[in-house]
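Nothing fancy with the numbering, it's 1 onward along the sequence. Since this is a predicted model, take the numbers as computed values, not measurements.
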Amino acid sequence: MALKKITKALFFPLILVLLPVVAFCTNYYISNSGNDDNIGTSAGLAWQTIAKLNAASFKISPGDSILFKRGETFFGSIRLRAGGTKNEPIVFSAYGEGSSPVITGFVTIKGWQKKENNIWEATAPMLSPMLNMVIINGQPQQIGRYPNAGAAGGNLSYESFAGKFSITDNELDKSINWEGAEIVVRKNLWAAERCRVVKQQGNTITFTNAYPAANGNNKLIIYDGIKSDIYFFQKSYRTLDQQGEWFFDSSNKKLQMVLNDTSVVVKASVIDTLVHTGAYSYINFSGLSFEGANMAGIFNRGGNYITVSHCSFTNIGGRAIHFWNTGDVIIDDVQTNNILSSAIQISSLKKENATVKNCSIKNTGLLIGMGSFFDDMDYKAISAVMASNVLIENNNIDSVGLTGIQFQGSNVLVQHNFINHYCLVLHDSGGVYTFLGGEKDNPRPEYVNRVVKENFIFNGGGMGGNYNGRGKAEGVYTDGGSVNIDIINNTIGFVSNKAFATNNPLNVKINNNTCFNNGGGWGAARVNTWQKFGGLEVKNNIFYSLYNYENSVNFLYNGLDTPEDLTIWEAIKLAGDADGNYYNTTNPFGFIYAYSAVADKTFAYPSPLTF
């Protein structure tokens, strides 16, 4: 009897131990007609605000869904306190009927008072010094700048520089003291640095960085100056002279604008990041619209397995989607419009797996200076820089300040994208661009299996300065010693410089492409003598020219003496093979070449060869 009692006593606890643990996932509902005192777990007992969601975020567990009611707008910034798991991600989505719910950081500015002439001001204590997005009737407005954007010239120029933070303009109007204003300095063709003037003495302007870097490690990318480049001033009351220009007087908390009609609806962002996911993982966003952030729509730093699908981002002052050191990313069917810096940025050189597909990306990085955050990914539509496994396909990109698509890593496929109108405010980039870089004593990895195929690339503008009388926009540009890339069956037209540009290429194959009415056909350059150079293959392409300034081939070789003495013809042969191509050219000088006999010394420019 005692044995039976013991067995029976142990039996029931054993059953409880063996029963599976059941996780109960919860849906939380948010509606304008809800109440923050509700429990939020049904449409009839919905919460009302994002503030309530944040206050109750400790309740959110893996597998839970946060659902916003369609057809409604919700103000605030969402901050996560937990992530999901592989089988139970946290989901942000929508419920009900109608258009996608909108997560907004905008407030409407009211109470305008006339200051002088057609400059009006309104008290706005809710705005922050980081304000970077003001709209009139839904369109982003230019922060006040001098000279005006679009004015004759549109920029000032400096004759000399000292280090990274000082320039001298011999024609500077010394009657205006610009201390405290921002100065936007273009120190090279592809970057415009946004700084703050700290001292103006005579014709010399000294400045410092105006904003923290947008990249995840807060590392500022700052260049030395280049003699005779351009600059302009912005973010000062003294610049206000054109309809829509604005300046926020943060000391007096007043927004000042040039308004010819004060009945227009003016909105300004009071939120820097709409969704801050921290370093959490396994988070899905679907069916939502985001608008009105000064810095980012969705930001993640250090997480994994983040999916953004069927969402839209409009009027964002920095980046729409910004993932730093984030792996296993899927971005599918996302629409962006009026993004001032970069639309989609994934920077994770130590992580793998990024997919960006079926996206429509319009009007990115078009207000030069406002999209500058000391990061080489500024003014780009899509940048996916990973260790490996990148897929960028079926995207439609139209109108971007610099680069259409930038990639890095091994096992990359960039295919079936339509890229139109790029390099509109900066240049020395491409519709599709990649850069390896590194240093002699610290070379970058030699990535493998990279394919760029069947893309359509048109209208590379190359504005913001001239290069041999035209802009320097390339079709596909492999830069900085990029390696192991197949460029196949692309169609490229109306690009201001070359259809294909390669700097220190190694095992780059350019085959079966169709190119027409570009500034040049293809080019190869050995720039850095310490990087490998060779294995270039250019075969079975069509290069069709219409104008006499369009040359067919450009070749540049730095250092015929390094690592061993060569003739220029031996160097050309060592570069690789070019065969079976069709050239229709109206320029009799089809092959242009240059070289330096001694590394990094004076270049010789012999007469071009005729075709």
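- Side-chain atoms of T314 do not come within 3.5 Å of backbone N or O of E291 as any donor-acceptor pair.
- The distance from the CD1 atom of I392 to the CG atom of L413 is 9.0 Å, given to the nearest 0.5 Å.
- Side-chain N/O atoms of N304 and Y282 include no donor and acceptor closer than 3.5 Å.
- Between the side chain of R450 and the backbone N or O of V483 there is at least one donor-acceptor pair closer than 3.5 Å.
- Between the side chain of K52 and the backbone N or O of I30 there is no donor-acceptor pair closer than 3.5 Å.
- Counting heavy-atom neighbours within 6.0 Å of K267 NZ, excluding the residue itself, gives a total of 12 or less.
- Panel note: side chain S57, backbone N54; a donor-acceptor pair is recorded below 3.5 Å.
- Once rounded to the nearest 0.5 Å, the distance linking CD of E352 with CE of M386 reads 8.0 Å.
- There is no side-chain donor-acceptor pair under 3.5 Å between S410 and S388.
- For the residue pair S383 and Q345, no side-chain donor N or O sits within less than 3.5 Å of a side-chain acceptor on the partner.
- When all heavy atoms are compared, the tightest approach of A124 to I109 is CB-CD1, 4.3 Å.
- Using a distance-only test at 3.5 Å, with no hydrogens or angles considered, no donor-acceptor pair links the side chain of D64 to the main chain of N27.
- The only option from I331, V385, I306 that meets the side chain to side chain contact (heavy atoms under 4.5 Å, CB included) definition with I346 turns out to be I331.
- Q142 and E245 form no side-chain donor-acceptor contact under 3.5 Å, judged by distance and modelled atom types alone.
- For Y29 and W47, the ring centers sit 6.0 Å or farther from each other.
- A side-chain N or O of T49 and one of D36 form a donor-acceptor pair less than 3.5 Å apart.
- For the pair N484 (side chain) and Y447 (backbone), a donor-acceptor distance under 3.5 Å is present.
- Between R319 and D378 a salt bridge is recorded (basic side-chain N to carboxylate O distance below 4.0 Å).
- Tested against F106, the residues I135, V266, V134 include a single side chain to side chain contact (heavy atoms under 4.5 Å, CB included) partner, I135.
- Y223 and W190 form a side-chain donor-acceptor contact under 3.5 Å, judged by distance and modelled atom types alone.
- A side-chain N or O of E454 and one of H416 form a donor-acceptor pair less than 3.5 Å apart.
- No side-chain donor from either of N38 and N35 sits under 3.5 Å from a side-chain acceptor of the other.
- Every residue two or more places apart in sequence or in another chain that forms a side-chain contact (heavy atoms from CB on, under 4.5 Å) with S100 is listed here: S289.
- Closest of all the heavy-atom pairs between C25 and P62 is SG-O, 4.2 Å.
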message: Using salt bridge (charged side-chain N to carboxylate O under 4.0 Å, His left out), reason through E121 and K254 one step at a time and then give a plain yes or no.
response: CA-CA 6 Å; E121 65 181 10; K254 290 186 177 183; 3.5 Å; yes
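- No side-chain donor-acceptor contact under 3.5 Å links K235 to the backbone of W246.
- At a cut-off of 3.5 Å, with distance as the only test, a side-chain donor of N417 or N455 sits close to an acceptor on the other residue.
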- prompt: Stepwise, does the side-chain hydrogen bond (donor to acceptor under 3.5 Å, both in side chains) test hold for N338 with N315?
  reply: CA-CA 5 Å; N338 295 335; N315 294 329; 3.2 Å; yes
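- Without hydrogens or angle criteria, K351 side chain to G303 main chain gives a donor-acceptor distance under 3.5 Å.
- Side-chain contact check for Y379 and S372: at least one donor-acceptor pair (N or O, by modelled atom type) lies under 3.5 Å.
- Checked by atom type and distance alone, the side chain of D332 never pairs as donor or acceptor with a backbone atom of H310 at under 3.5 Å.
- Side chain of Q406 to main chain of G404: no donor-acceptor pair is present (N/O by atom type, distance under 3.5 Å, no hydrogens or angles).
- With 3.5 Å as the limit, one finds no donor-acceptor pair spanning the side chains of Y237 and D249.
- At least one cation-pi condition fails for K69 and Y28: the charged atom is not both under 6.0 angstrom from the six-membered ring centre and inside a 45 degree cone around its axis.
- Electrostatic pairing of E182 and R196 does not count as a salt bridge here, judged by no charged N lying under 4.0 Å from a carboxylate O.
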query: Where do D428 and Y477 land on the side-chain hydrogen bond (donor to acceptor under 3.5 Å, both in side chains) test, with the steps shown first?
result: CA-CA 9 Å; D428 196 10; Y477 190 176; 3.2 Å; yes
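- If you check the side chains of Q335 and S360, you find no donor sitting under 3.5 Å from an acceptor.
- More than 12 heavy-atom neighbours from other residues, nucleotides or ligands sit within 6.0 angstrom of CZ on F75.
- T307 and S309 form no side-chain donor-acceptor contact under 3.5 Å, judged by distance and modelled atom types alone.
- N300 and T277 share a side-chain donor-acceptor pair at under 3.5 Å.
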